Amino acid sequence: MINNYLLIESWYLGEMYVRIDNEEVKISNPEKLLFPSITKWDYIQYLGKLSPFLLPYCKNRFLTTIRFPDGVSGDSFYQKNVPSSKPPFVATKKEESTEYVLLQNVPTLIWLGNLACLEFHTSFHTYQGRNVPTELVFDLDPTDSPFEQVIEVALLTRNVILEMGLDGIVKTSGASGLQIYVPLEPIHTFEETRKISHFIASYLTEKNPKLITIERRVKDRGTKVYFDYLQHWRGKTLIAPYSPRSTSAATVSTPLEWKELETSILPTDFTLFNIEERLKQKGDLFGAVYNKHKYNLSNLLQFVQNHL
């Protein structure tokens with residue numbers, strides 16, 4: 001329960017103070033609506049419940065958040081640089097001219113929730129290895145295509161990588177797409193993973209020209225599913241697993257079992273309202289990224305190089 005995470009210290013004139021891991025975090029305007037039926041205090045509690053699942057992937061990665069000071073119905077902005085008012089428990093790391101937040105602990109997550117950060121996007125690499133992605137990631141986005149087509153592309157992609165001796169974990173984006181993560185040994189550069197992603201995307205596009213496209217211009221994609229192999233790069237980000245999304249339904253980017261793609265699921269099936277029960281039933285499906293086999297792409301790179 002959330003009370004294992006947050007203890008209310010005081011509540012006075014619209015401000016609440018909570019204590020977590022021996023740190024005090026101020027919650028301002030806790031009754032403000034951030035989603036149609038979720039107050040800021042509700043949201044803070046949901047984040048507390050998600051923290052054991054959200055934090056492991058975010059740790060040591062450059063964080064970009066999207067803030068909605070007046071909730072999902074209001075204006076928003078991207079936050080890369082850490083606010084100057086950060087408390088001492090918030091760790092940061094400078095990359096070029098940007099001082100990024102590192103989402104290392106629950107107090108930092110709760111502090112960000114108080115700032116109305118409704119989405120958490122992370123780099124594909126940790127700050128210790130800027131040119132070494134931790135996974136090979138395929139980002140599949142519909143254009144005007146139904147979600148069933150995104151599922152079809154995800155299953156086709158998995159068939160191809162299985163033939164290559166790889167496998168991955170699939171998750172919803174929380175918006176309209178799916179993403180597949182193949183855990184890697186920390187030895188490959190972004191240039192190397194880009195070669196493989198491009199090879200797979202091109203192969204799938206050639207085999208399924210009416211279903212898949214790698215066309216960057218939205219107006220030229222028609223109703224095909226966009227296989228975005230370019231997003232996976234240093235300095236770019238993707239929505240973190242178990243991050244909320246700024247939708248009126250309060251959806252969550254949710255890892256799936258592959259067999260679930262054989263049912264009629266939608267990204268809107270997974271929300272802040274029901275994610276806790278799902279986690280109780282299925283546990284951390286994304287944990288396989290950290291805890292299971294990591295792939296060496298050296299032989300596959302040689303194969304791809306020979307076929308360019």
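Residues take their numbers from the sequence shown, with the count starting at 1. Source: prediction; values computed, not measured.
K294 contributes a side-chain N or O that, together with a main-chain N or O of V289, makes up a donor-acceptor pair within less than 3.5 Å. A donor-acceptor contact shorter than 3.5 Å links the side chain of D228 to the backbone of Q231. Side-chain atoms of E192 come within 3.5 Å of backbone N or O of T189 as a donor-acceptor pair. Using modelled atom types, one side-chain atom of R67 and one backbone atom of L115 make a donor-acceptor pair closer than 3.5 Å. Looking at N296, its side chain does come within 3.5 Å of a backbone N or O of S298 through a donor-acceptor pair. The backbone N or O of T126 sits nowhere less than 3.5 Å from a side-chain atom of K59 that would complete a donor-acceptor pair. Judged purely by atom type and a 3.5 angstrom limit, S123 has no side-chain atom pairing as donor or acceptor with the backbone of T237. No donor-acceptor pair under 3.5 Å is formed between the side chain of D269 and the backbone N or O of I265. Formation of a donor-acceptor pair under 3.5 Å by the N159 side chain with backbone atoms of L156 is not found in this model.
One finds the CZ atom of R245 at 10.5 Å from the CZ atom of F35 (value rounded to the nearest 0.5 Å). Note that CG of L230 is 8.0 Å distant from NE2 of H198, once rounded to the nearest 0.5 Å. Here CD of E119 is found 7.0 Å from OH of Y78. Values are rounded to the nearest 0.5 Å. To the nearest 0.5 angstrom, N114 atom CG is 4.5 Å from I27 atom CD1. A distance of 11.5 Å separates CD1 in I214 from OG in S197, rounded to the nearest 0.5 Å. In this structure, the separation between CD1 on I200 and CD on E163 is 10.5 Å, given to the nearest 0.5 Å.
The hydrophobic cluster containing L285 does not contain I151, counting ILVMFWY residues as joined when their side-chain heavy atoms lie under 4.5 angstrom apart, directly or transitively. Connection of V225 to L261 is established within a shared hydrophobic cluster, with ILVMFWY side chains joined at heavy-atom distances below 4.5 Å, either directly or through further cluster members. I66 and L33 fall into different hydrophobic clusters, where Ile, Leu, Val, Met, Phe, Trp and Tyr are joined by side-chain heavy atoms under 4.5 Å apart, directly or via other members. L162 and I169 are members of different hydrophobic clusters when ILVMFWY side chains are connected at heavy-atom separations under 4.5 Å. Hydrophobic clustering of Ile, Leu, Val, Met, Phe, Trp and Tyr side chains at less than 4.5 Å, counting indirect connections, keeps I187 apart from Y127.
Taking the side chain as every heavy atom from C-beta outward, K171 and I239 approach each other to under 4.5 Å. Residues F147 and P142 are not in side-chain contact: their nearest non-hydrogen atoms beyond the backbone lie 4.5 Å or more apart. V218 places none of its side-chain heavy atoms less than 4.5 Å from the side chain of Y226. In this structure, the side chains of V252 and L272 come closer than 4.5 Å at one or more pairs of heavy atoms. Counting heavy atoms from C-beta on, the side chains of T205 and S202 never come closer than 4.5 Å. Using a 4.5 Å heavy-atom cutoff, the side chains of E135 and Y57 are in contact. Side-chain contact between D284 and Y290 is present, with at least one heavy-atom pair separated by less than 4.5 Å. A 4.5 Å side-chain heavy-atom check between I180 and W258 finds at least one atom pair inside the cut-off.
In plain terms, the two heavy atoms of G222 and T143 that are nearest each other are O-CG2, 3.2 Å. Of all non-hydrogen atoms in P267 and T251, the two that sit nearest each other are O-CG2, 3.8 Å. Summarising the geometry of G74 relative to F68, their closest heavy-atom pair is O-CD2, 4.0 Å, with the distance given to 0.1 Å. When every heavy atom of A154 is checked against every heavy atom of L178, the shortest pair comes out as CB-CD1, 3.8 Å. Between G113 and Y43, the shortest heavy-atom distance links the atoms CA-CE2, 3.9 Å. The two residues Y295 and G165 have their closest heavy-atom pair at CE2-O, 3.2 Å.
For the pairing with F227, the side chain to side chain contact (heavy atoms under 4.5 Å, CB included) check across L204, L211, T213 returns one residue only, L204. Between H188 and the choices L300, I196, T193, the side chain to side chain contact (heavy atoms under 4.5 Å, CB included) rule is met once, by T193.
Relative orientation of the F62 and H125 rings is perpendicular, given thresholds of 30° and 60° on the angle between their planes. The aromatic rings of Y46 and F273 lie perpendicular to each other, with more than 60° between the two planes, well past the 30° mark.
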> When you look at D70 and D75, which way does the side chain to side chain contact (heavy atoms under 4.5 Å, CB included) test go after all the steps?
Replying inline: CA-CA 7 Å; D70 296 311; D75 293 335; over 6 Å; no

> How far apart are the C-alpha atoms of N22 and F89, what are their side-chain angles, what is the distance that settles it, and do they pass the side chain to side chain contact (heavy atoms under 4.5 Å, CB included) test?
Replying inline: CA-CA 10 Å; N22 295 318; F89 56 76; over 6 Å; no

>> Before you tell me yes or no, could you show the steps for V160 and K207 under side chain to side chain contact (heavy atoms under 4.5 Å, CB included), namely the whole-Å CA-CA distance, both residues' side-chain angles and the distance that decides it to 0.1 Å?
In response: CA-CA 11 Å; V160 169; K207 292 292 183 181; over 6 Å; no

>> As a quick check of understanding, evaluate side chain to side chain contact (heavy atoms under 4.5 Å, CB included) for S28 and K40, giving each step before the final call.
In response: CA-CA 9 Å; S28 58; K40 184 187 284 189; 3.5 Å; yes

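Checked against the 6.0 Å centroid criterion, the rings of F286 and Y181 qualify as a close aromatic pair.
For the residue pair Q302 / N306, a side-chain donor-acceptor distance below 3.5 Å is found, with atom types taken as modelled.
Counting heavy-atom neighbours within 6.0 Å of N299 CG, excluding the residue itself, gives a total of 12 or less. Annotation: K236, atom NZ; neighbour count of heavy atoms from other residues, nucleotides and ligands within 6.0 Å is above 12.
Salt bridge annotation for R278-E260: present, with a cationic side-chain nitrogen under 4.0 angstrom from a carboxylate oxygen. Classification of R234 and E191 as a salt-bridged pair holds, one side-chain N sitting under 4.0 Å from a carboxylate O.
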For residues 92-103, tabulate all N or O donor-acceptor pairs below 3.5 Å that involve a side-chain atom, not counting sequence neighbours.
unit_1 : atom_1 : unit_2 : atom_2 : d
T92    : OG1    : E99    : OE2    : 2.5
E95    : OE2    : R130   : NE     : 2.1

